[in-house]
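What you see below is based on every heavy atom in this structure, not just the backbone, and it leaves out hydrogens, waters and symmetry mates. By convention in this document, chain letters (A, B, ...) are assigned in the order of the sequence lines, proteins followed by strands, and residues within each chain are numbered from 1. Small disclaimer: the values here were computed from a predicted structure and weren't measured.
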Amino acid sequence: MFDPNSAKSIISYAKELKGYTLREKCGESIENHGYKGKGNFGQLVEKFYFGYEPNSKAEADFVEVGMELKSSPLKALKNGEIRSKERLVLNIINYLEVHKEEFDHSSFWKKNAHLLLIFYLHDKEKDLLDYLIKLVDDWKYPNRDLLIIKRDWETINQKIKDGKAHELSEGDTFYLGACTKGSTAEKSLRHQPFNEVKAKQRAYSLKQGYVNHIIANIAQEEQAVYGKILTQETIFEHLPSIEEIVISKFAPFYGKTSIEIEKHFNLELNRTAKSYFANLTKAILGIGLNKKIEEFEKADIQVKTIRLKENNLPKEDISFPNFKYEEIVELDWEESEFKHILEQKFFFVFYQFENNILTLKKVKFWNMPYSDIEEAKKVWHRTVETIEKGKIVSEITDKGIRKTYFPKKTENRISHVRPHARDKDDCYDLPVKDQLTNATEYTKHCFWLNASYVKDEIYMK
DNA sequence: GCATGATCATGC
DNA sequence: GCATGATCATGC
């Protein structure tokens, strides 16, 4: 077994799980565990492997050594690599108490300073007793990450102090998020200290990108694919935020053309390549062109380069990944891909056409305000409804162009649905055939962010 | 000049 | 072969 007074002993006992399933390691007693619902892989590990009853106490699970046990699912990519399937959910944020706390003595830090992580390969075809446990190790935050996590924690706390707990969103922060937890119904609403309005129950969480970073570290993968924005000097002289550092790197180039920026860095980029603007961004950030931006990956930040017309309107709407008709109707809004995207943080790089030449105007970190996410939700609901009813095509013109009932740009301030495919025969299957055309598949579509919204709410503000 | 539907190009 | 960012075509 293990010595509960020794972190080392607990960790090495935990590591014996690696390469096995719970069914293989826990003996017969686990066969009739009687747990239902999700989240119970962790409970099973606690009860049947470590032999203590699952609890929700304020201290860490292994109280003598201050270590918290967390189990989390992995997914396999098509190329065989593994990634975190989701964010890692930590303790619930007690709005009524945390505003009195300092980080170093906070409920978050008391419980989660030292994690013992068990990653298993999720497989919806399998019983959870048969999930393969792939990675087991402990985790302490490196200093450079901890500075960002502290700042994230402060950001969340400040919003609670400002009476805005009901406006919290995961995109507010970088590595440590405030994710919704529990049912979304009325009963999961909680009181907050400085506002009558009730707020959704939320928990601290590590962003999916950050969990991927932990996984890569545990798996001892080569870190050479990442380039850091925060170098030794930038973190130890004083404590600027990621925002401040990034903006200070871009500001000297405001008003410069893309070609001037390219020359400044002695680059000879292929100006017609798709990666052209992404490469300029990396050059400005001081990151190798063949590397990923480590801090952005860890914070799940989406970089969007926008080309504005002379009237400040983006030349194009912004597309998101295509949705599959059969999948989108199966999930609730809360679990939807679209909500997940809108909750992330974005980094916008705005260039503007001036006599057909692109000039860097400004950069901006942004995440969608809670009230706008609620407004975009209507577009998602209307889309799902359209698919479920099989009422997609509204009319076919003489020229054979199919008009649809999908939410249009004119119907919502924020978002609309449009085709995004190689051609109209590039389709996904429909769960319900289209009433007008009897089609069982339809051209791939995706959600788009309206160009007018990007102008009014992101660029001009 | 914009909204909407359709399609292209690149890179992995 | 596909995802993603970018662009085109038509009609009002």
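In this structure a side-chain-to-backbone donor-acceptor pair under 3.5 Å is missing from A/R83 to A/L74. Judged by distance alone, the side chain of A/S415 and the main-chain N or O of A/W448 form a donor-acceptor pair under 3.5 Å.
Near DNA chain B, defined here as any heavy-atom distance below 4.0 Å, there are no residues from residues 441-461 of chain A. Contacts between residues 298-312 of chain A and DNA chain B, counted as heavy-atom distances below 4.0 Å, involve A/K309, A/N311. Within residues 408-415 of chain A, the residues that have a heavy atom under 4.0 Å from DNA chain B are, in order of number, A/K408, A/K409, A/T410.
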(request) Would you check, one step at a time, whether the test ring-ring contact (aromatic ring centres under 6.0 Å, His included) holds for A/F365 with A/F346? (result) CA-CA 6 Å; A/F365 283 96; A/F346 291 81; over 10 Å; no
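Interatomic distance, CG of A/L147 versus OG of A/S241, reported as 11.5 Å (0.5 Å rounding).
Each salt bridge (Lys or Arg N to Asp or Glu O under 4.0 Å) pair with one or both residues in residues 379-395 of chain A, not counting sequence neighbours, appears once here: A/R382-A/E411.
If you check every strand for non-hydrogen atoms under 4.0 Å, A/S275 touches nothing. Residue A/H416 is out of contact with every strand shown, counting any heavy-atom pair closer than 4.0 Å. Within 4.0 Å of A/Y428, counting heavy atoms only, lie sugar-phosphate atoms of the nucleic acid but no base atom.
A/E262 and A/Y276 form a side-chain donor-acceptor contact under 3.5 Å, judged by distance and modelled atom types alone. Side-chain contact check for A/R87 and A/Q208: no donor-acceptor pair (N or O, by modelled atom type) lies under 3.5 Å. Side-chain contact check for A/N312 and A/Q352: at least one donor-acceptor pair (N or O, by modelled atom type) lies under 3.5 Å. Side-chain N/O atoms of A/H416 and A/N450 include a donor and acceptor closer than 3.5 Å. In this structure, a donor-acceptor pair under 3.5 Å is present between the side chains of A/H445 and A/Y325.
When DNA chain C is scanned 5' to 3' for any atom under 4.0 Å from a heavy atom of chain A, the first and last hits are C/dA3 to C/dG11.
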Show which side-chain atoms of residues 251-261 of chain A pair as donor or acceptor with protein atoms under 3.5 Å away, not counting sequence neighbours.
from: A/Y254; atom 1: OH; to: A/V363; atom 2: N; distance (Å): 3.1
from: A/T257; atom 1: OG1; to: A/E260; atom 2: N; distance (Å): 3.1
from: A/E260; atom 1: OE1; to: A/T257; atom 2: N; distance (Å): 2.9

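Figure legend: cation-pi geometry between A/K25 and A/Y20, with NZ or CZ positioned under 6.0 Å from the six-membered ring centre and within 45° of its axis.
Between A/K315 and A/K403, it is A/K315 whose nearest contact on DNA chain C lies nearer the 5' terminus.
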